[in-house]
**Student:** 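Once you've had a glance at the structure underneath, I'll fire off some questions.
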Amino acid sequence: MLKAFSGGSFSRDFTASIVVFLVAMPLCMGIAVASGVPPEKGLITGIIGGIVVGLLAGSPLQVSGPAAGLAVIVFEIVREQGLSALGPILILAGAIQVIAGVARVGGWFRAISPAVVHGMLAGIGVLIVVGQFHVLFDDKPLSSGLANLVAMPGQLLGLTNQDAATAFAVGLVTILGMLGWEKFRPASMKLVPGALVGVVLATLVAFALGLPVARVVVPESILSAITPPEAGLMTQLLNPTVITTAIAIAFIASAETLLSAAAVDRMHDGVRTNYNKELSAQGVGNLLCGFAGSLPMTGVIVRSSANVQAGAKTRLSTILHGIWILGFVALLPWLLREIPMAALAGILVITGVRLVSVAHVKHLFHLYGPLPAIVWAATLICVVATDLLTGVLVGIGLSLLELLPHARKLGLKVEEESRGEAHEVALRGTATFLNLPKLSAKLDSLPAAGLVILNVERLGHIDHTCAEMVREWVERRRKAGAPVELFGATGKMRQFAA
């Protein structure tokens, strides 16, 4: 931490923390609303994610907080088991993450097929859009994604209701303000987030015209929003439903966090992520969120990318953004009460649309053929039609099909040989997600400078999960100015050498 206050990094971290704070505030509240809980629950998670997890994190520039990726599953928990069940579930999920980090299984989450992860996020995006579409009309989401989808035409036909039409107009002001700012903002103000502009614009319109729309409700004191678990915590922790849900949250939150951390690593040339340390830090954060009765947290890519783009150099920027959230909700709760609910829904509709990355599935199809695209589509459909965990398990099951033709020869040998300043890494056998952690650890352990020759002449097969990891490693290394040569590359591996 002392390094954060030395050299020229403090001013950059300070500026970045303000940017992240401005991005995080509307998202923390909006994700809480999408999860079916009061907005202050999201703010508490943002504070813990900033101050506590920021201090412990294995990915110094990653920002943690409430995530859209868990909003759907939290909404179902609150609807079926009640808000009081969320605390014990998060305590158990956090403990699972801490144990997983200590047991050094963080690297295995990187072995999940990118088609599954992006299919899951796309499904979540669809569910957020169809759910928050109803909040745009000051209405409540229905019990399932399909029910929300079926009811969407009825909302539009009901615009003869003046109050619903007014709320919808406020939501449109937010969406148009956000998109318009992102498209036309001057270069000198590129760090001002579009979500903030959209919310401020809608709030000013609603306030100036005295519009009769639903607004955010937050308590006078943030301390009153902290709700510790009720009596009988141990009994709840032994409840099979609580255990099953906690495992699902721990799995999904960990996968999203560590994949986000990998994406953050690609954005900067600083310290690389310690995946096991990051996993344990997230566990501590979720433990605290459970005892506080707030939302679960993950590492979040939107806030993390804003942090990197704003010039952050150390973990201080993440910690400070949590302090700014705490100061704002403690000193200015009256200002939050002027924000229309439809404005937060507008932000989440855009967030949901952006989670459906068609460009990514096109990329997978172009490089690796139809199977990853089928896995992506099946995961998306199952998440929307059934639930999050079922969708992920279906996607993982389908991704196993890639192993079948090579079931008798799944071993991979990784041999390293030094030749002066150059290093040759020879791969022999079959590279699949089963041996991705070993391969990834070997590639990451290579010296940062000097030529690396990746000999794939005797590599019989590489699945799309492993191939994506290698492709990203090659790109990251070349971007840092370190040469990489591929020897014996054919097919999809040849494209990495281009």
Side-chain angles (χ1 to χ4, degrees), residues 107-118 258-259 261-270 272-273 275 359-373 375-376 399 402-403 405-406 408-498:
W108 279 101
F109 282 93
R110 297 181 66 193
I112 300 172
S113 163
V116 174
V117 175
H118 286 274
L258 299 182
L259 287 162
V264 172
D265 279 352
R266 294 196 294 272
M267 297 177 190
H268 67 91
D269 300 321
R272 302 290 96 185
T273 295
Y275 289 94
H360 183 81
V361 74
K362 286 181 178 178
H363 160 80
L364 290 176
F365 180 81
H366 175 69
L367 281 184
Y368 310 113
L371 181 58
V375 171
W376 180 89
S399 65
E402 202 168 358
L403 298 180
H406 313 279
R408 294 185 177 181
K409 43 180 180 178
L410 291 176
L412 176 69
K413 289 185 177 181
V414 183
E415 301 171 351
E416 180 185 353
E417 182 180 348
S418 296
R419 298 181 177 180
E421 294 185 358
H423 289 262
E424 179 177 338
V425 177
L427 307 182
R428 299 180 183 182
T430 304
T432 68
F433 66 88
L434 296 176
N435 35 52
L436 184 146
K438 178 178 75 171
L439 177 57
S440 176
K442 170 57 69 177
L443 294 178
D444 289 341
S445 69
L446 294 171
L451 170 65
V452 170
I453 302 169
L454 194 59
N455 187 337
V456 294
E457 186 178 24
R458 297 188 183 181
L459 185 63
H461 173 74
I462 183 168
D463 71 2
H464 76 275
T465 305
C466 237
E468 276 291 278
M469 183 276 293
V470 174
R471 183 186 64 80
E472 291 171 358
W473 175 82
V474 170
E475 285 185 356
R476 185 170 66 245
R477 191 170 179 88
R478 286 176 173 171
K479 184 179 177 182
V484 178
E485 292 181 6
L486 270 75
F487 179 78
T490 59
K492 68 187 74 170
M493 292 298 288
R494 186 187 294 277
Q495 297 181 50
F496 300 157

**Student:** Taking Met469 as the fixed residue, which of Pro114, Ser440, Pro437 is the one that meets the side chain to side chain contact (heavy atoms under 4.5 Å, CB included) rule?
**Tutor:**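 Only one of Pro114, Ser440, Pro437 forms a side chain to side chain contact (heavy atoms under 4.5 Å, CB included) with Met469, namely Ser440.
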**Student:** Looking at Glu475 and Lys479, does any basic side-chain N land under 4.0 Å from a carboxylate oxygen?
**Tutor:**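 So Glu475 does not pair with Lys479 through a salt bridge.
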**Student:** Does the pair Arg428 and Leu459 meet the rule for a side chain to side chain contact (heavy atoms under 4.5 Å, CB included), with working shown?
**Tutor:** CA-CA 5 Å; Arg428 299 180 183 182; Leu459 185 63; over 6 Å; no
**Student:** Measure up the His118 and His360 rings against each other and bin them: parallel (under 30°), tilted (30 to 60°), perpendicular (over 60°).
**Tutor:**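 Rings of His118 and His360: parallel, under 30°.
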**Student:** Any idea which heavy atoms bring Ala261 and Tyr275 closest together, and the distance?
**Tutor:**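 Shortest heavy-atom separation between Ala261 and Tyr275 comes out as CB-CE2, 4.4 Å.
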**Student:** Less than 4.5 Å apart, any side-chain heavy atom of Leu403 and any of Phe433?
**Tutor:**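 Yes, close enough: below the 4.5 Å cut-off.
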**Student:** Whether the side chain of Arg272 engages the backbone of Asp265 through a donor-acceptor N/O pair (distance < 3.5 Å, no angle test) should be reported.
**Tutor:**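 Looks like yes, one N/O pair under 3.5 Å.
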**Student:** Between the side chain of Lys438 and the main-chain N/O of Lys413, is any donor-acceptor distance below 3.5 Å?
**Tutor:**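 Not a single qualifying donor-acceptor pair exists.
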**Student:** Examine distances only and state if a side-chain atom of Asn455 and a backbone atom of Leu486 form a donor-acceptor pair shorter than 3.5 Å.
**Tutor:**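 Flag not set: sc Asn455 to bb Leu486 has no pair under 3.5 Å.
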**Student:** Between Asp444 and Arg476, does at least one N-O distance fall below 4.0 Å, as a salt bridge requires?
**Tutor:**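 Salt bridge present between Asp444 and Arg476.
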**Student:** Under a 3.5 Å distance rule, please check whether Thr430 uses its side chain to pair with a backbone N or O of Lys409 as donor and acceptor.
**Tutor:**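 Present.
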**Student:** Decide yes or no on side chain to side chain contact (heavy atoms under 4.5 Å, CB included) for Leu446 and Trp473, but give the supporting numbers first.
**Tutor:** CA-CA 11 Å; Leu446 294 171; Trp473 175 82; 3.8 Å; yes
